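Report on one structure; see the data block that follows.
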Amino acid sequence: MIRLFQTNDIRKVEELEGMWEFATMESGHAIPAAYPRRLPVPGCWENHPLYKTYRGAAAYRRRIQVKNGATNLRFTFKGVSHTARVIWDGVQVASHYNAYTAFSAIVREVPAGEHELIVVADNSFHEHSSLHQPNDYYSYGGITRPVVMEEVPDVFLERLQFTPRRVEGEWVADVQAFVTNNGEATSRAKVHCELDGVYFELEMGSVGGGQSTVLHGSAKIPGARPWSVSTPNLYALKARLFLDDAVLPTDDLIERVGFRSLTTERGKIQLNGEDIILKGFNRHEDHPMAGCALPLALMVHDLDLMEDMGANTVRTSHYPNDERFLDLCDERGILVWEENHARGFSIEQMRHPKFVEQCEDVNREMVEQHANHPSIIVWGILNECASDCEEGRVHYIRQLDQIRSMDPSRPLTFASHHRDREMCFDLVDIVSFNLYPGWYGDEDPGELVDQARGWAETGGGAGKPIIMSEFGGDGYYGYRDASRVRGTEERQADIIEANLAAYSARSYLSGMLIWQFSDCRVTEGTGWLLSRAGTQNSKGIVDRYRRPKLAYDVVKSYFRR
Ligand code: ADA
């Protein structure tokens, strides 16, 4: 399944799911001559008994039958982990870095007959990889999210960006349509939109051969009902593309959107003008049976458990998530903090020659690909990176400016662990703290968060909403002991209780996000971070199989209050 709604009426769309041929490429970069196995797509190769810890390159192959010749085929890979090359009939047609954002390849005027599509995925920590590093989560290997094949004309609708606006008590839809021309001749492009029974046209524009253009338009949508946590109203935004004097549309795109406003005023976050408190979890895309390639049923199960505990928010730590998960959040009224891909980088790591470019790419792709999800209420960047020095600050400024220029409608934040040394609170709309009282230190959570409020005030964050973006402690599933020593489920429950009691009692806080929803696999290695017991981060409120620990009921008693 690609999305939770139909994306096209006109364009032909097919998901290339199923069994693809598979071969590892231990010896260099040569495309394999033989494919000894078949593996599911989407999927991670770590699910196969032979490749549980394989780190390197591998090729996936699939034959494509084309019935009608001279078609343009567009392949969209929603996620390949983590460095990808796409080879069509022996010719490389695309490459991409980063597991957590989508990319496309177009092959033009494909003749009828059988063709070969090969995707090389590489999850090694190679020298050009600045963001996928050995870390406190796992960089899996494979074609981990859906692959889509579409038949597109030379001039087609690349994407839509929708922004809701409230003007004099009425909702207004601002729409941008990105039109791409892969042909040679210039075309005049017109886009007609339909939204909740309102028909409107975007301004017309011409688009030269090999060029792209953006068409803008706005319309009042008088009957629109707002999207909120309790009433997550969604609408189909249907766009049709007409070229030159043609009477019939040649291409189309459907997005699913919601009307809501976001503000940060008086030290609080407002959704549709009302203060909200974010209560929820940090979540990794990780499951022992699926790796990072969670099927829909497991995504639903995660949200069912979160809702059962009374959560209203999920933070996609530490990368953009699968669109189907975001679609589910849209449908269920779950608020999302989505963030770019970077966890815990020191200034030395941020000096990697590819860091700037690879961050810019993931920021751009995240906003372009996910801006239409009403559930996303915050964009985050650079979790626990070097925001405590001038050199690091330059990266924060650049990346926040980049995101703001693409989407000024959402508040921005980053999660900081630098306490009174933090230097970037002035740059964002929301101040977020990762603090682990009771786990990495024995501070009292109430006293610590009051102190943190002071660091926000003096560190450039005065008057801004404050979120406790991470707190928690390890609890090994099934390790129960009356001693309540560190690592027992009892101790974890005590830590969670003390933290939630302190934060729930402080009305100046705008949110509390537990680290973390479920235990997750981490990279195996040495040093304190990579030598975690069981090669997993065990701070989940449920274990990797989603079995609840003792802290589950504690969370429920606070979040449901
Ligand atoms: C950090 C980090 C998380 C995780 C956590 C922990 O704050 O953001 O990714 O590593 O700590 O468990 O220590």
Side-chain angles (χ1 to χ4, degrees), residues 99-100 131-140 280-286 292 313-321 337-346 349-350 378 380-388 392 396 413-419 421-422 424 428 430-443 445 448-449 452 455 466-477 486-487 489 491-492 495-496 499 503 511-544 549 551:
Y100 308 116
L131 304 176
H132 284 277
Q133 293 280 338
N135 219 324
D136 204 12
Y137 58 92
Y138 202 81
S139 280
Y140 287 94
F281 296 94
N282 289 274
R283 173 180 176 271
H284 270 297
E285 290 179 321
D286 189 278
C292 66
T313 305
V314 60
R315 172 176 174 223
T316 69
S317 50
H318 300 296
Y319 36 77
N321 272 21
W337 158 341
E338 182 155 82
E339 70 187 19
N340 72 359
H341 180 208
R343 184 212 161 273
F345 292 140
S346 64
Q349 289 173 302
M350 292 167 88
V378 180
I381 64 162
L382 301 178
N383 171 73
E384 293 192 356
C385 293
S387 50
D388 60 336
Y396 280 77
T413 194
F414 65 92
S416 168
H417 65 315
H418 292 300
R419 302 184 170 214
R421 300 184 323 279
E422 179 53 57
C424 294
V428 285
I430 299 169
V431 167
S432 303
F433 288 103
N434 291 357
L435 299 168
Y436 282 81
W439 184 252
Y440 291 123
D442 56 11
E443 302 104 327
L448 187 64
V449 70
W455 301 328
I466 301 175
I467 295 177
M468 286 299 295
S469 40
E470 287 184 29
F471 56 91
D474 287 72
Y476 303 110
Y477 180 79
R486 285 165 71 78
E489 286 192 34
R491 177 65 153 264
Q492 183 196 30
I495 293 170
I496 293 293
N499 276 266
Y503 309 146
M512 53 200 94
L513 305 177
I514 295 169
W515 186 271
Q516 58 177 335
F517 168 65
S518 63
D519 294 347
C520 70
R521 182 173 176 179
V522 305
T523 320
E524 191 169 357
T526 50
W528 76 270
L529 189 67
L530 302 182
S531 60
R532 290 198 187 276
T535 322
Q536 62 175 41
N537 184 311
S538 301
K539 296 189 187 68
I541 300 303
V542 297
D543 79 344
R544 290 190 69 207
K549 303 180 193 173

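Given the structure is predicted, the values throughout are model-derived calculations rather than measurements. Numbering of ligands and ligand atoms starts at 1, following listing order. In this chain, numbering begins with 1 at the start of the sequence shown. Both backbone and side-chain heavy atoms feed into the values below; hydrogens, waters and symmetry mates do not.
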Answer with yes or no whether H318 contacts ligand 1, where contact means a heavy atom under 4.0 Å from a ligand atom.
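H318 counts as a contact of ligand 1 under the 4.0 Å cut-off.
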To the nearest 0.1 Å, how far is [atom] from its closest protein heavy atom, and which atom is that?
| atom | value |
| --- | --- |
| atom 1 (C) of ligand 1 | E470 OE1, 3.1 Å |
| atom 4 (C) of ligand 1 | D136 OD2, 3.3 Å |
| atom 13 (O) of ligand 1 | Y440 OH, 2.5 Å |
| atom 7 (O) of ligand 1 | E384 OE2, 2.4 Å |
| atom 5 (C) of ligand 1 | Y436 OH, 3.2 Å |
| atom 12 (O) of ligand 1 | K539 NZ, 2.7 Å |

Give the contacting part of L529 toward ligand 1: side chain, backbone, both or neither, where contact means a heavy-atom distance below 4.0 Å.
neither
Where's the contact between N282 and ligand 1, heavy-atom distance under 4.0 Å: side chain, backbone, both or neither?
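No part of N282 comes within reach of ligand 1.
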Just wondering, more than 12 heavy atoms not from E443 lying within 6.0 Å of its CD?
yes
Per salt bridge (charged side-chain N to carboxylate O under 4.0 Å, His left out), D519 is matched among K549, R544, K539 by K549
For residues Y100 and H132, establish whether the separation of their ring centroids is below 6.0 Å.
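Aromatic pair counts; centres sit under 6.0 Å.
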Ring centroids only, cut at 6.0 angstrom: are F517 and H284 within range, meaning strictly under it?
no
Please check this pair: side chain of E489 against backbone of Y477, looking for a donor-acceptor N/O pair closer than 3.5 Å.
no
Side chain S416, main chain E384, donor-acceptor under 3.5 Å
no
Can you find an N or O of H284 that's nearer than 3.5 Å to an N or O of ligand 1?
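There is no such contact.
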Checking ring-ring contact (aromatic ring centres under 6.0 Å, His included) against F471, which of F281, Y436, F433, Y503 comes through?
Y503
Any idea which atoms of ligand 1 are less than 4.0 Å away from a heavy-atom of [X]?
| X | answer |
| --- | --- |
| N383 | 2 (C), 8 (O) |
| R532 | 6 (C), 12 (O), 13 (O) |
| N434 | 7 (O), 8 (O) |

Which heavy atom in A452 sits nearest to a heavy atom in L435, and how many Å separate them?
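Reported closest heavy-atom pair: CB-CD1, 4.0 Å.
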Would N434 and S469 count as having a side-chain donor-acceptor pair, cut-off 3.5 Å?
yes
